[in-house]
Peer 1: 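My questions all concern the structure below.
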Protein chains: 2
Amino acid sequence: MSIKELAQHLNVSIGTVSRALNGRADVNPETRKRVLAAAEAMGYVANQSGRSLRQGTTNVIGFTIETNVETKSQGDTFFMSVFDGVQAVFARHKLDLVVLPCSSEDDPFDHVRRVVSRQFADGLIISATQRIDPRIDFLIERGIPFVTLGRSQSGGEHSWIDMDFDSVATGAVARLVARGHRRIALANTASGINLSYIFEDSYRRALAEHGIAYDPDIVIRGEITERGGYAICDKLLALPDRPTAVVLVNESLAIGIYRRLHDAGLMPGRDMAIIGLRQSPQARFLSPTLTCHRLSLHDVGVELAQSLLATMPAYKDLYPQGVVQKIWPMELVPGESDPPLQP
Amino acid sequence: MSIKELAQHLNVSIGTVSRALNGRADVNPETRKRVLAAAEAMGYVANQSGRSLRQGTTNVIGFTIETNVETKSQGDTFFMSVFDGVQAVFARHKLDLVVLPCSSEDDPFDHVRRVVSRQFADGLIISATQRIDPRIDFLIERGIPFVTLGRSQSGGEHSWIDMDFDSVATGAVARLVARGHRRIALANTASGINLSYIFEDSYRRALAEHGIAYDPDIVIRGEITERGGYAICDKLLALPDRPTAVVLVNESLAIGIYRRLHDAGLMPGRDMAIIGLRQSPQARFLSPTLTCHRLSLHDVGVELAQSLLATMPAYKDLYPQGVVQKIWPMELVPGESDPPLQP
DNA sequence: CACCGCACCGTAAACGTTTGCGGTGCAACG
DNA sequence: CGTTGCACCGCAAACGTTTACGGTGCGGTG
């Protein structure tokens, strides 16, 4: 079912059919109606390869994720919610979202290079940014429109959306200090993801502001999974001078930490104050409830999509915001896991 | 950087370049080496649109998922593991996996139709199969190679992989009966997903085998989320003749059920026996530990990929298994959540 | 009546590949 | 030396679009 068949069925030239379908001006309204009707009836839809060969554009946006659940995971419904927001925007422009998973055996840089050379997409959304991320320099050099979900120190000016981990870390420390805590641990991720640096820097700055000395012994890095949380809590409990509170870089850790405390006959909150990151469905159902932070991932997705379009020449007029670098606010949701310290 | 530039840089015809790169026989080993070296050096890689326009093939496999987290979908971690297995197979054949998320505002059938008409992929993996699933008939009619993750009653013969929910349901009932339970509830999903029918049928059959009457009051359907679990448990606790055990169609429910029991001053296991479905990271860290079922999602992904290739003409010789319809075993992992009933 | 402008449409080139076909040159064979 | 076979390579068509360009016919204007 090619445009040629459709054309000779209608007794017009293929040029006219193409113009009619693409909404060009110089075509008789009457014939346009005929063409549209016939296309609908015969189920014609333009071949994507032919079209993109001619126009050099695919109408596809790629979203890279990493399938390494152990170290990079963001929680169980994180990406699904973001995708939903992204699609809400793209649907209005007849753009299709495709997710390009980078397998755990593959290198993220190689992955992006392959994606680019295969010309899958007109634009890319990159997640899990590293502190030094060669993908960013590469994409800038190649002139591929892209946005990252997460900041980086790499490369030149580019659009990114990130969450306000700075405020979360400093706010959590301040809140714990106000509640009498002085020995505040940090549970961080061991991966090179930029978030881990931002989070730890802010944590250290907040400690300094409250006149608390930084103690590397209570900054533990590990897998940001339930199992990782268990292991991290294990190490904290083994310390001679046990911390009274811990700030988490990821809410999945909370599950494991709760479990480890229970196994030691201790009670989360009372025996160790805990502040988690994002209000995930699981964290919401912990007992005692986890103090964490509200965040609309759907809206993050919307913002990602709009920022990407703003960098694409074809959509510049519709989204004139230019380069956007936005830190998304996270609002603290008080729970029962960080009560005032009992002397 | 087209094949033409590469060719005139090498002083050969584009045909020769193409043949050299594609490993055809009738090309001088010496020139092939030159071509490969030059392609590598100049960073040439064949334009996908041109190639697929000519050959009618994209070397891409699509995997549809639904981002409607509330009702249908498994979470991120479920699919990430599956993707990883799928890619392990595809990588050997230079096939690329792209994930095609169906937004929560979109209809899954329309989504698949758009995917097909856009000619994104040479083959498809379809998840979240409905009991009656028009996508299956559509794909068969169009002759698109595909596999489904999940059975269905629709359409003709096609390949599918599914998990052994039958054995899980009957095994769970049998185990609970052996431990003294007679009043066994079922927490099911309210969506039209085929799994819910299979699960409930098996549950009813198992009850009958043990001479227990089916009671619709203790079969509760709702969202398969933590919140859904809370609501379902709410209903169970409100019943005049409270069940002593509950079988779950999804392990996320367990989190909410545990929470609801705690809120009522009850203890999971002791006051209500619980058997979950899959051994997820969250479920593993519940306390008391959840009795559930082990399952290698990576292997499911591998099987999905192989079964799909078996239906594609180009790979038939490598994967000669034909139509495969496989029920994947799930092995019970005993936990503390279903102890013998105390009289 | 001659001319112009305009609305509409057909023609054909171009996008980057792959591949069947034919052609060249060389070695081997009779 | 003539013929054949073979290894290798160039030529050009084809895939399905989009789009610049030119052409036709018509109504309107001078």
Side-chain angles (χ1 to χ4, degrees), chain A residues 1-39 42-60 94-96 116-122 313-314, chain B residues 1-39 42-60 94-96 116-122 313-314:
Chain A
M1 180 72 259
S2 73
I3 198 174
K4 207 192 296 180
E5 303 175 49
L6 183 58
Q8 58 194 32
H9 175 255
L10 283 165
N11 270 329
V12 293
S13 75
I14 60 171
T16 304
V17 174
S18 175
R19 275 187 294 261
L21 292 175
N22 292 338
R24 302 247 142 201
D26 55 347
V27 46
N28 191 314
E30 181 58 34
T31 40
R32 185 194 305 278
K33 223 188 308 177
R34 275 179 58 220
V35 171
L36 288 177
M42 305 179 66
Y44 168 79
V45 19
N47 177 290
Q48 186 58 37
S49 305
R51 161 175 285 181
S52 39
L53 181 57
R54 170 65 215 229
Q55 322 197 105
T57 183
T58 65
N59 290 330
V60 165
K94 296 191 182 297
L95 286 169
D96 279 305
V116 168
S117 67
R118 287 276 249 127
Q119 288 149 288
F120 262 132
D122 294 340
Chain B
M1 182 71 260
S2 73
I3 199 175
K4 206 192 297 181
E5 304 175 49
L6 183 57
Q8 58 194 34
H9 174 255
L10 284 166
N11 270 329
V12 293
S13 75
I14 60 171
T16 304
V17 174
S18 175
R19 275 187 293 262
L21 292 175
N22 293 338
R24 304 248 141 200
D26 55 346
V27 46
N28 193 313
E30 181 58 35
T31 39
R32 185 193 306 278
K33 223 188 308 178
R34 275 181 58 220
V35 171
L36 288 176
M42 304 178 69
Y44 169 78
V45 21
N47 177 289
Q48 187 58 37
S49 305
R51 161 174 285 180
S52 39
L53 180 58
R54 171 64 217 232
Q55 331 198 95
T57 184
T58 64
N59 290 330
V60 165
K94 295 193 182 300
L95 287 169
D96 279 305
V116 168
S117 67
R118 288 275 250 127
Q119 288 149 285
F120 262 132
D122 294 341

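Predicted, not measured: the structure shown is a model, and the values here were computed from it.
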Peer 1: Take the protein atom CG of Leu53(A) and the nucleotide atom P of dT18(C), then report the distance between them rounded to whole Å.
Peer 2: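 Atom-to-atom, Leu53(A) to dT18(C), this comes out as 12 Å.
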Peer 1: According to a strict under-4.0 Å criterion, is Arg19(B) in side-chain N/O contact with OP1 or OP2 of dC8(D)?
Peer 2: no
Peer 1: Please determine whether a side-chain nitrogen or oxygen atom of Ser52(B) lies at a distance below 4.0 Å from atom OP1 or OP2 of dT17(C).
Peer 2: no
Peer 1: Is Arg54(A) side chain donor-acceptor paired with the dT17(D) base, going by distance under 3.5 Å alone?
Peer 2: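 No pair found.
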Peer 1: Roughly how many Å is it from CG in Asn28(B) to P in dC26(C), rounded to a whole number?
Peer 2: 14 Å
Peer 1: Measure from CD on Gln48(A) to C1' on dT17(D) and round the result to the nearest Å.
Peer 2: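 About 10 Å, once rounded to whole Å.
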Peer 1: Compare every heavy atom of Met42(A) with every heavy atom of Leu6(A), then report the nearest pair and how far apart it is.
Peer 2: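 Shortest heavy-atom contact: CD1-SD, 3.7 Å.
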Peer 1: Go ahead and name the base partner of dG23(D); Watson-Crick or wobble counts if both distances stay under 3.5 Å, otherwise write none.
Peer 2: dC8(C)
Peer 1: Students often get this wrong, so: under 4.0 angstrom with heavy atoms, is Ser49(A) touching a base, only sugar-phosphate, or nothing?
Peer 2: nothing
Peer 1: If you take all heavy atoms of Ile14(B) and Lys4(B), which pair is closest and at what distance?
Peer 2: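 Closest pair (atom of Ile14(B), atom of Lys4(B), distance): CG2-CA, 3.7 Å.
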Peer 1: Round to the nearest Å and state the distance from Arg24(A) atom CZ to dT17(D) atom C1'.
Peer 2: 12 Å
Peer 1: Report yes if a side-chain nitrogen or oxygen of Thr16(A) is closer than 4.0 Å to either non-bridging phosphate oxygen (OP1 or OP2) of dC9(C); otherwise report no.
Peer 2: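 No, outside the criterion.
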Peer 1: Is the shortest side-chain N/O distance from Gln55(A) to OP1 or OP2 of dA14(C) below 4.0 Å?
Peer 2: no
Peer 1: What distance separates Arg118(B) CZ from Thr58(B) OG1, expressed to the nearest 0.5 Å?
Peer 2: 12.5 Å
Peer 1: Mind calculating the distance between OH (Tyr44(B)) and P (dG16(C)) to the nearest angstrom?
Peer 2: 10 Å
Peer 1: Within the structure provided, determine whether Arg51(A) and Asn22(A) are in side-chain contact (heavy-atom separation under 4.5 Å).
Peer 2: yes
Peer 1: Looking at Gln119(A), does any N or O in its side chain come under 4.0 Å of the phosphate oxygens OP1/OP2 on dG16(C)?
Peer 2: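 Looking at the OP1 and OP2 atoms of dG16(C), neither is under 4.0 Å from any side-chain N or O of Gln119(A).
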Peer 1: For Ile14(B) and dC15(C), what is the distance between atoms CD1 and P respectively, to the nearest whole Å?
Peer 2: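 Computing the Ile14(B):CD1 to dC15(C):P distance gives 11 Å.
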Peer 1: At their closest point, which heavy atom of Gln119(B) faces which heavy atom of Ala46(A), and how far apart are they?
Peer 2: OE1-O, 4.2 Å
Peer 1: Figure out the CD1/P separation between Ile3(B) and dA12(D), and round it to whole Å.
Peer 2: 17 Å
Peer 1: Between atom CD of Gln48(A) and atom CG of Leu53(A), what is the distance when rounded to the nearest 0.5 Å?
Peer 2: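 Gln48(A) atom CD to Leu53(A) atom CG measures 11.0 Å (nearest 0.5 Å).
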Peer 1: Assign Asp26(A) to base, sugar-phosphate, or nothing according to its heavy-atom contacts below 4.0 angstrom with the strands shown.
Peer 2: base
Peer 1: Please determine if a side-chain N or O atom of Thr31(B) lies less than 4.0 Å away from the OP1 or OP2 oxygen of dC8(D).
Peer 2: no
Peer 1: Can you see if the side chain of Arg51(B) gets near the phosphate of dT18(C) - specifically, an N or O under 4.0 Å from OP1 or OP2?
Peer 2: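 For dT18(C), OP1 or OP2 has a side-chain N or O of Arg51(B) closer than 4.0 Å.
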Peer 1: Rounding to an integer number of Å, can you tell me how far Asn47(A) CG sits from dT17(C) P?
Peer 2: 16 Å
Peer 1: Looking at Asn22(A), I'd like to know whether one of its side-chain N or O atoms comes within less than 4.0 Å of OP1 or OP2 on dT18(D).
Peer 2: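 Checking dT18(D) against Asn22(A), a side-chain N or O does come within under 4.0 Å of OP1 or OP2.
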Peer 1: At under 4.0 Å between heavy atoms, what does Ser2(B) touch on the DNA or RNA strands: base, sugar-phosphate, or nothing?
Peer 2: sugar-phosphate
